Amino acid sequence: MSEQNFDVVVLGGGSGGYAAALRAVQLGLTVGLIEKGKLGGTCLHVGCIPTKALLHSAEVADVSREAGKYGVKTTFDGVDIAAVTAFREGIVASKYKGLQGLIKARGITVIAGEGHLVSPTTVQVGDDTIVGKNVILATGSYSRSLPGLEIGGRVITSEQALELDYIPKKVAVLGGGVIGVEFASVWKSFGADVSIIEALPHLVPNEEESVSKQLERAFRKRGIEFSLGIRFKSVTQDENGVVVTLENGTTVEADILLVAVGRGPSTAGLGFDEVGVTMDRGFVLTNERLATNLPGVYAVGDIVPGLQLAHRGFQQGIFVAEEIAGLNPIVVEDINIPKITYCDPEVASVGYSEAKAAEKFGADKIATYEYNLGGNGKSSILGTSGSIKLVRVTDGPIIGVHMIGARVGELIGEGQLIVNWEAYPEDITPLVHAHPTQNEALGEAFMALAGKPLHAM
Amino acid sequence: MSEQNFDVVVLGGGSGGYAAALRAVQLGLTVGLIEKGKLGGTCLHVGCIPTKALLHSAEVADVSREAGKYGVKTTFDGVDIAAVTAFREGIVASKYKGLQGLIKARGITVIAGEGHLVSPTTVQVGDDTIVGKNVILATGSYSRSLPGLEIGGRVITSEQALELDYIPKKVAVLGGGVIGVEFASVWKSFGADVSIIEALPHLVPNEEESVSKQLERAFRKRGIEFSLGIRFKSVTQDENGVVVTLENGTTVEADILLVAVGRGPSTAGLGFDEVGVTMDRGFVLTNERLATNLPGVYAVGDIVPGLQLAHRGFQQGIFVAEEIAGLNPIVVEDINIPKITYCDPEVASVGYSEAKAAEKFGADKIATYEYNLGGNGKSSILGTSGSIKLVRVTDGPIIGVHMIGARVGELIGEGQLIVNWEAYPEDITPLVHAHPTQNEALGEAFMALAGKPLHAM
Amino acid sequence: VPQAGRRSPVVSPLVRRLARENGFDASQLTGSGRDSLVLRRDVEAHIAGLALASLDTSADGTAADGTAADGPAA
Ligand SMILES: Cc1cc2nc3c(=O)[nH]c(=O)nc-3n(C[C@H](O)[C@H](O)[C@H](O)COP(=O)(O)OP(=O)(O)OC[C@H]3O[C@@H](n4cnc5c(N)ncnc54)[C@H](O)[C@@H]3O)c2cc1C
Ligand SMILES: Cc1cc2nc3c(=O)[nH]c(=O)nc-3n(C[C@H](O)[C@H](O)[C@H](O)COP(=O)(O)OP(=O)(O)OC[C@H]3O[C@@H](n4cnc5c(N)ncnc54)[C@H](O)[C@@H]3O)c2cc1C
């Protein structure tokens, strides 16, 4: 039984928590970082990194299959799932090692174990009492299910999906959001038949509607089945597989069902309620500066309602560390945080969709332009189709960038600067983008939006 | 024998010329565009587009070869050069068709034939006299050779290299600039042995020195040979191959020699001199607003001394059209135009190198930071190494972005905005980049340069 | 000193915003870049001048809004 004192105590060592810890020690604060599992959290171990490794193996499989189109003679002999696993695990292990080294080198005290909040300044970890002038809650999220839908056996969530040691013949995916479509994309590339079930009218329903429609078209072309706008009713399983029944009576048979219906906050039983933190359905409520109702207690990452993304966690962690250090950092709204869905084709966006912009600014106060990647040389060379859609305030700044196509995720950094810096298309048009890149498709779209399209009518 | 009158006469339908024409008609001017070959010029037919198609086939070959690393079982059975040619020609044909359609739809009068400048307002095309209130010279460039080095037989330039209907066993490449290293990269990926001869001390000698060194290391790892700092002396050829002799007596034997020592202006015999245009070694001299010494006569593209890049041509073409229309467009200096070399690994840069910045601003007035892509999750997943080097004025804006690594070319758009918009690292750091992307490596580098590295010491 | 109605080119949204946050319109300055492009240093110099002016004027008790912008940057 011991007591340790820090300027900042961080509960949870995922993206949000470790970023807060790293930034806080940089600012001269002492930090105790409490983690019950592995530093790096969901993103590093069972989220962003391993899924993107799988998606790269999937890309390699597709390239190998289609190599003939580009004059390369290859025989594709299937996917060796054990080797995919070794690749994926190797990537995670090396990033994990790097992160552990960094946290150590920066002088952060890591406390292993499950922490419980016992007062606004105190976290109990087993027999140890960890006291902080400030406490940052960063306990992250878990894969949710639906009421009455039990996970187990052939009904799995993303954690088990990652570790599957075989390629199923047929998969049903419940949920057409980012995690659902990413796994659907991987499995299809690996040779499985895939069927997505989404209750909302579109795949990736949080994206610009025209992008969702294009993704649906692209998935259809890839032979990925999906059912939209009809809710899941029930599932049964036996040794041969699962049968999913929808509310309209349709059934989908498959080897397994992936449940990808969103992630809930990991806050149950951790004492937040008892200590008096204001909560809503398990989420921790904060003001826009991430302070909870209790002085000195902050929250970051997936437990704060809004986008559940690793880089939002990083940003919030850095923000709170700077806030505690008195640097008065600037708030970035969720809407201006970039989002990428890494399926094939990729989807990337930042800022307002056309519908949201019309709601906020008035339909007659905005202008949009959609540039077809068919006009973009590099995209043709890569063999991808897609588009870039821009939303601007009429005679005002660009407020939305929405893209679909192979590799477009890497273009969102430029979109992010444009939207956050309130650039006008006219600021960009004198700066002709490099040729031939996919990047220049953004340039073409801005030129068109400024009323001076170059390679388009 | 006829006379045609236009607001603007453009001589040459390559990147610079056609962009000028497209923008001029958009601004309500009438345009006559004179082209002796094919609209689209070097870039579309024998430059940017076909080389990038080859480079993509090369990438596909490398991915197929290394698929096992990612758990994908493929057998690489070599490159089918006829199929590569069909792919390359298909891409060029479709872009060519698109460009012809666009030029027609925009209402530009295309005059086929070789034009000669006969007065500051008049171009003669065979029997036809084409008169313009303004004339834009845009006749482009050709592959140069060295004094005494004759092109022919096994000694070829990029035009013939593109059309080669076999994969040589061994190639010598004279010149380690962008065209030389791109072809070297393709041939190596296609299975040839390659040896580059560069008289300057580094490959891609116009790039940041640390990037050149990393490219040399990467090429060495790929088994691409090169000799630096020793000049070419002579070459002999017979039915079996070529023997290249360097000034220090070393010899290089190969099936063919690619001469990639730069491009000269295509201006000889076109009347420019006679009409009184000020020239220098065949280049047309202009002021920074691209006006020649003759009122109403402008020049754009590769015939204007400086960077020889398609998008510089686009930019200059648009600029001159807007200048003629009285819009007073903004000048963008060559240093702030992005450059990409599409070999594997790619090289991309914009702005000042460390050495040039030190020269211009004083070595004690600048700061640099180099971020290793080894710390970047997406780059690890792609299996690429490399780095991002930034140059800033101390307590001032970022003035240089220099990158090497697979696919980094697509990141230069963001670098271009940053440098041209005079961003401080501190403007960027609140905007955490999307995870996991290569793009976020830029973000990490900016954070470090602002004194607050996240995932680095 | 800004001339009313003058519009200089500003290509950087950052430069425009910096001016706006300090209460003036960047395009009212005479830029020191090529073709009088308004650069970041022009806006920073103007802000430094405003700070000096406000020191001076606050010494004799008058408001220092003589150089304020005539509207938000476009
Ligand atoms: C399959 C999948 C793919 C994803 N892909 C991406 C992507 O590509 N890009 C992206 O931006 N986001 C992605 N995400 C989301 C991303 O992983 C999360 O947004 C991010 O991990 C949230 O960070 P966090 O710090 O809030 O929580 P977490 O990463 O969940 O970390 C919370 C940490 O707290 C620890 N913890 C919890 N309770 C306690 C306690 N009581 N005591 C001690 N420790 C505790 C946990 O062990 C965990 O390590 C993905 C998620 C999934 C599931
Ligand atoms: C192998 C190679 C790869 C390249 N890759 C890239 C790249 O990836 N990215 C990049 O930015 N740049 C690249 N370039 C450079 C790019 O091609 C040039 O910068 C660009 O084409 C220059 O445009 P231009 O309009 O000045 O000249 P050109 O494209 O050369 O066009 C000139 C046109 O004028 C016509 N013409 C000439 N004289 C006359 C006359 N008297 N009458 C009528 N017509 C005439 C010609 O037929 C031609 O069509 C590459 C070049 C090469 C050779």
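So that the names make sense, note that chain A is the first sequence line, chain B the second, and so on, each numbered from 1. Just so you know, these numbers come straight off a predicted model, no measurement behind them. For the numbers below, each heavy atom of this structure counts, side chains included, while hydrogens, waters and symmetry mates do not.
- Options B:F319, B:Y18, B:F190 differ in how many heavy-atom pairs under 4.5 Å they form with chain A, and the most are formed by B:Y18.
- Of the listed residues (A:V331, A:T85, A:I49), the greatest number of heavy-atom pairs within a distance under 4.5 Å of chain B belongs to A:I49.
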I would like to know whether A:F87 and B:I381 meet side chain to side chain contact (heavy atoms under 4.5 Å, CB included); could you show each step before the answer? CA-CA 9 Å; A:F87 163 60; B:I381 290 171; 4.1 Å; yes
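- Only the side chain of B:E322 has a heavy atom closer than 4.5 Å to any heavy atom of chain A.
- For the 3.5 Å distance criterion, the side chains of A:D77 and B:T74 fail to qualify, holding no donor opposite an acceptor.
- With a 4.5 Å cut-off on non-hydrogen atoms, B:Q315 touches chain A through its backbone and its side chain both.
- The candidate from B:I337, B:L442, B:I428, B:L22 with the greatest count of non-hydrogen atom pairs under 4.5 Å with chain A is B:I428.
- When heavy atoms are compared at a cutoff of 4.5 Å, B:D427 approaches chain A by way of both its backbone and its side chain.
- Between chain B and the options A:R23, A:K52, A:E66, A:K452, the largest number of non-hydrogen pairs under 4.5 Å is found for A:K452.
- Residues A:W421 and B:L431 form a side-chain contact, since some pair of their non-hydrogen atoms from C-beta on lies under 4.5 Å apart.
- With chain A as partner, the option from B:I340, B:I418, B:V79 having the largest number of non-hydrogen pairs under 4.5 angstrom is B:V79.
- A donor-acceptor contact closer than 3.5 angstrom links the side chains of B:N439 and B:E414.
- Of the atoms belonging to B:L309, not a single heavy atom falls under 4.5 Å from chain A.
- Of the charged side-chain nitrogens involved, at least one lies within less than 4.0 Å of a carboxylate oxygen, so that A:R407 and B:E59 count as a salt-bridged pair.
- Listed by chain and number, the residues in a salt bridge (Lys or Arg N to Asp or Glu O under 4.0 Å) with B:R88 amount to none (sequence neighbours excluded).
- In this structure a side-chain-to-backbone donor-acceptor pair under 3.5 Å is present from B:E346 to B:G409.
- Side-chain atoms of A:H435 and B:C43, non-hydrogen and from C-beta on, do get closer than 4.5 Å to each other.
- With a 4.5 angstrom heavy-atom cutoff, A:A348 does not touch chain B via any of its atoms.
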Given B:E444 and B:N376, is the side chain to side chain contact (heavy atoms under 4.5 Å, CB included) satisfied, shown in steps? CA-CA 9 Å; B:E444 293 279 345; B:N376 177 256; 6.0 Å; no
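- For the options A:V84, A:D80, A:T75, heavy-atom pairs under 4.5 Å to chain B are most numerous at A:T75.
- You'll find the side chain of A:L382 reaches within 4.5 Å of the side chain of B:H56, heavy atoms only.
- Residue contact with chain A, scored on non-hydrogen atoms closer than 4.5 Å, involves the side chain of B:L411 exclusively.
- Contact annotation for A:V332: only side-chain heavy atoms (C-beta onward) come within less than 4.5 Å of a heavy atom of chain B.
- Residue B:A58 does not touch chain A at all, counting heavy-atom pairs closer than 4.5 Å.
- When side chains are defined from C-beta on, A:P425 does not count as touching A:M447, because their heavy atoms never get closer than 4.5 Å.
- A 4.5 Å side-chain heavy-atom check between A:D62 and A:S189 finds at least one atom pair inside the cut-off.
- A:Q438 and A:H433 are not linked by any side-chain donor-acceptor pair at a separation below 3.5 angstrom, with hydrogens and angles left out of the test.
- Within residues 93-104 of chain B, the residues having any heavy atom less than 4.5 Å from a heavy atom of chain A are, in residue-number order, B:K95, B:L102.
- Note on B:K69, B:H455, B:R312, B:R65: by heavy-atom pairs under 4.5 Å with chain A, the leading option is B:H455.
- Salt bridge absent: B:K378 and B:E440 never bring a charged side-chain N and a carboxylate O closer than 4.0 Å.
- When each of B:S64, B:S57, B:A310, B:P436 is checked for heavy-atom pairs under 4.5 Å with chain A, B:P436 comes out on top.
- Top candidate by heavy-atom pairs under 4.5 Å with chain A, chosen from B:P338, B:A53, B:G78, B:C48, is B:G78.
- Heavy atoms closer than 4.5 Å to chain A are found in the side chain of B:I318, but not in its backbone.
- Most heavy-atom pairs under 4.5 Å with chain B: of the set A:I81, A:I330, A:L454, A:N336, this distinction falls to A:L454.
- A heavy-atom distance below 4.5 Å is found between the side chains of A:H45 and A:V92.
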